[in-house]
Each structure stands twice: as structure tokens, then as C-alpha cells.
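Following: one structure in C-alpha cells, then a few remarks.
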Amino acid sequence: MPGSCGPLALVGGGEWQPGCEFDSELLAASGGTDVLVLPTAAAYEHPEKSVECARAWFATLGGRAEGLMVLGRTDAEDDRFAAAVRASAFTYLGGGSSMHLRSVLKGSLVWEALLEAWRHGAVVAGSSAGAMVLTDPMVDSRGGALTVGLGMVEHIAVIPHFGEENAEKVHRSIALAAPGLPVVGIPERTALIRDPDGGWRSAGHGDVRVYVSGEPAGFDALPR
């Protein structure tokens with residue numbers, strides 16, 4: 001990944017509420033006040049409500065969030081939507097269904113635009129499902145096994161809602177990971193942030209946990 005990539009935030013869920021003040025830092029890093037919200041993962045769960053929640057939250061931080069209603073595959077192949085993502089200095093993927101989000105974005109114009117924007121310095125954040133699909137592999141939300149993600153960052157998998165998620169499923173994700181693959185548990189209202197220099201750090205309400213080959217590890221185990 002080029003050194004000019006922007007900050008990347010993988011959020012464990014519970015986005016856009018008190019405890020997520022790291023969003024203020026991400027907004028500042030974008031160099032502006034606008035946030036483009038993709039409620040794709042919530043396509044079947046009143047996506048407009050996700051956008052309203054983001055709009056209200058970022059208003060408290062001096063920002064302005066607007067939704068881009070990429071809800072299905074046709075939307076993801078729309079040149080106008082791709083252009084909006086390419087021009088955005090801060091794009092946020094909300095939570096919902098990781099499997100739907102992956103199927104909508106995989107190989108699409110919107111996904112390629114998001115990669116291009118990030119590789120040229122834009123801020124990208126994803127929460128819950130939005131965080132899961134940005135990695136490769138990704139945790140399969142249906143049972144905890146690992147499957148193919150979109151791979152904005154590779155050789156890492158994340159478990160959102162860590163501490164709230166089913167313990168058996170969490171154990172399965174950690175146990176089934178290939179030797180040497182970092183699996184990261186991220187609690188709600190907590191972010192694992194990759195800075196432009198490739199270093200990783202946590203921010204927010206909870207404690208991020210890293211596991212490699214089933215054993216606890218530090219952030220130095222994460223890919224740069």
C-alpha cells in the first residue's frame with residue numbers, strides 16, 4: 001500500500017454516539033468538515049435512519065454528514081456514486097449485514113473509487129460490518145469462520161462487538177485463523193486506527209485485543 005494512504009479506522013460498532021470522539025480526530029485529518037456515509041450494510045434496515053444518526057453525531061463535532069444511498073449492486077456501478085466517493089475526503093461505511101455489503105461493493109465502481117480515494121490520502125472508516133469487509137480475510141458473521149473480504153488491508157481479520165459477541169463464535173474465529181494471521185477483537189465505540197505511516201493504535205471506549213495463532217499479541221503483529 002502506498003505511503004500516501006489516508007487514515008483507516010476499523011470501529012467495533014456502536015458508531016456515531018458518545019464514546020466515539022475519535023471521529024473528531026478523523027474529521028480533522030480529512031482536512032474538511034464533510035463526511036460521506038454509505039449505509040449499504042443497512043440496506044434492509046432503514047438505511048435512512050443510519051444516515052440521520054451520523055448526521056446528528058457529526059453535527060456535534062462541527063462536521064456535516066450526508067448519505068450516499070448505495071444500497072444495491074446497480075447503485076455500486078453508478079458512475080455518479082463512484083465520482084462522489086472518489087471526491088470524498090472522509091467516507092464512512094456503517095454497520096448492518098457484512099455479507100450484503102461485500103456482495104454490493106466487491107469489484108464495483110464505487111469500491112474502486114473508495115480504494116483510489118484512500119490511496120490518495122482520504123480518510124476511510126468502517127463500523128461493525130463496515131469494518132469487517134475492509135479486511136481480508138474477514139470473519140463470516142453467520143458462524144465465525146473466516147471468508148474472503150474486500151481487502152483494503154490484508155492479512156488481518158476483525159471481530160466487532162468484542163465482549164458482546166457470542167463467546168463460542170469468537171473462539172471459533174480465533175481458532176480457525178491461519179497460523180500467523182492476526183485476529184483483532186474491537187469493542188463497540190472503539191476504533192483500531194491505521195495511520196498513514198502504517199502504524200496501528202486504538203482509540204475510544206474499550207480495549208482492542210490482538211490474537212495470533214490463538215495467543216495474545218501486540219499491535220506490532222499487525223501488517224504495516
Side-chain angles (χ1 to χ4, degrees), residues 6-42 45-67 88-98 101 118 122-135 138-139 141 152-153 156-167 169-170 173-174 182-196 199-211 216 218-219 222:
L8 173 67
L10 305 175
V11 182
E15 63 269 31
W16 309 323
Q17 62 176 300
C20 297
E21 281 75 17
F22 50 80
D23 285 332
S24 180
E25 176 190 343
L26 297 174
L27 191 64
S30 75
T33 58
D34 294 339
V35 185
L36 189 65
V37 176
L38 271 62
T40 313
E45 304 171 23
H46 303 290
E48 69 282 354
K49 292 184 178 180
S50 294
V51 174
E52 285 301 322
C53 184
R55 187 176 288 128
W57 169 245
F58 277 102
T60 70
L61 305 178
R64 182 177 61 185
E66 294 296 338
S88 173
F90 185 178
T91 300
Y92 205 125
L93 307 181
S97 168
S98 57
L101 178 58
W118 179 62
V123 177
V124 174
S127 180
S128 187
M132 294 167 74
V133 303
L134 292 177
T135 71
M138 81 173 197
V139 172
S141 57
M152 182 171 280
V153 287
I156 178 176
V158 301
I159 304 172
H161 310 286
F162 193 71
E164 307 291 334
E165 183 60 275
N166 179 277
K169 190 162 68 172
V170 169
S173 298
I174 295 171
V183 178
V184 186
I186 309 175
E188 295 181 359
R189 294 179 291 156
T190 306
L192 175 65
I193 298 174
R194 180 189 184 275
D195 288 316
W200 296 87
R201 58 189 173 87
S202 63
H205 179 74
D207 295 321
V208 173
R209 302 293 179 88
V210 180
Y211 299 89
F219 287 180
L222 301 179

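Excluded from the calculations below are hydrogen atoms, water molecules and symmetry mates; all remaining heavy atoms, backbone and side chain alike, are included.
When side chains are defined from C-beta on, Val184 counts as touching Leu222, because their heavy atoms get closer than 4.5 Å. Put simply, the side chain of Ile174 reaches to within 4.5 Å of the side chain of Ile159, judged on heavy atoms. Looking at heavy atoms from C-beta onward, Ile193 lies out of side-chain contact with Leu8 at the 4.5 angstrom threshold. Between Trp118 and Thr91 there is no side-chain heavy-atom pair separated by less than 4.5 Å. By the 4.5 Å heavy-atom criterion applied to side chains, Thr40 and Leu93 are not counted as neighbours. With a 4.5 Å cut-off on side-chain heavy atoms, Asp195 and Trp200 do not count as touching. Within the 4.5 Å cutoff, no side-chain heavy atoms of Glu188 are placed close to those of His205. You'll find the side chain of Ile186 reaches within 4.5 Å of the side chain of Leu10, heavy atoms only.
Between Arg209 and Phe162, the shortest heavy-atom contact is CG-CE2, 3.7 Å. Val133 and Ser98 get closest at one heavy-atom pair: CG1-O, 3.5 Å. The two atoms that bring Asp23 and Phe90 nearest to each other are O-CE1, 4.4 Å, heavy atoms only. Nearest heavy-atom pair, Ser202 versus Val208, reported as atom, atom and distance to 0.1 Å: CB-CG2, 3.6 Å. Of all heavy-atom pairs between Gly12 and Ser127, the closest is C-OG, 4.5 Å. Between Ser173 and Val139, the closest heavy-atom pair is OG-CG1, 3.5 Å.
Between Arg64 atom CZ and Leu27 atom CG the span is 11.0 Å, to the nearest 0.5 Å. The line from CH2 of Trp16 to OG1 of Thr60 is 13.0 Å long, rounded to the nearest 0.5 Å. Rounding to the nearest 0.5 angstrom, the gap separating the OG atom in Ser30 from the CG atom in Leu36 is 11.5 Å. For the atom pair CZ of Arg189 and NE2 of His161, the computed distance is 12.5 Å after rounding to the nearest 0.5 Å.
For Thr135 (side chain) and Ala131 (main-chain N/O), no donor-acceptor pair under 3.5 Å exists by modelled atom type. A donor-acceptor pair under 3.5 Å is formed between the side chain of Thr190 and the backbone N or O of Gly206. Judged by distance alone, with hydrogens and angles left aside, the side-chain atoms of Glu15 form a donor-acceptor pair with the main-chain N or O of Gly95 at under 3.5 Å. Glu52 places no side-chain N or O within donor-acceptor distance of the main-chain N or O of Ser50, the cut-off being under 3.5 Å. Checking side-chain atoms of Glu21 against main-chain N and O of Pro18 turns up no donor-acceptor pair under 3.5 Å.
Between Tyr92 and Phe58, the two ring planes are perpendicular [angle over 60°; tilted spans 30° to 60°].
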Please lay out, stage by stage, how Glu25 and Arg201 fare under the test salt bridge (charged side-chain N to carboxylate O under 4.0 Å, His left out). CA-CA 13 Å; Glu25 176 190 343; Arg201 58 189 173 87; 2.2 Å; yes
Side chain to side chain contact (heavy atoms under 4.5 Å, CB included) evaluation trace for Glu66 with Asp34: CA-CA 8 Å; Glu66 294 296 338; Asp34 294 339; over 6 Å; no
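With sequence neighbours left out, the side-chain contact (heavy atoms from CB on, under 4.5 Å) criterion links Pro160 to Ser128, Met132.
Enclosure of atom CZ in Arg55 by more than 12 non-hydrogen atoms of other residues, nucleotides or ligands within 6.0 angstrom is indicated.
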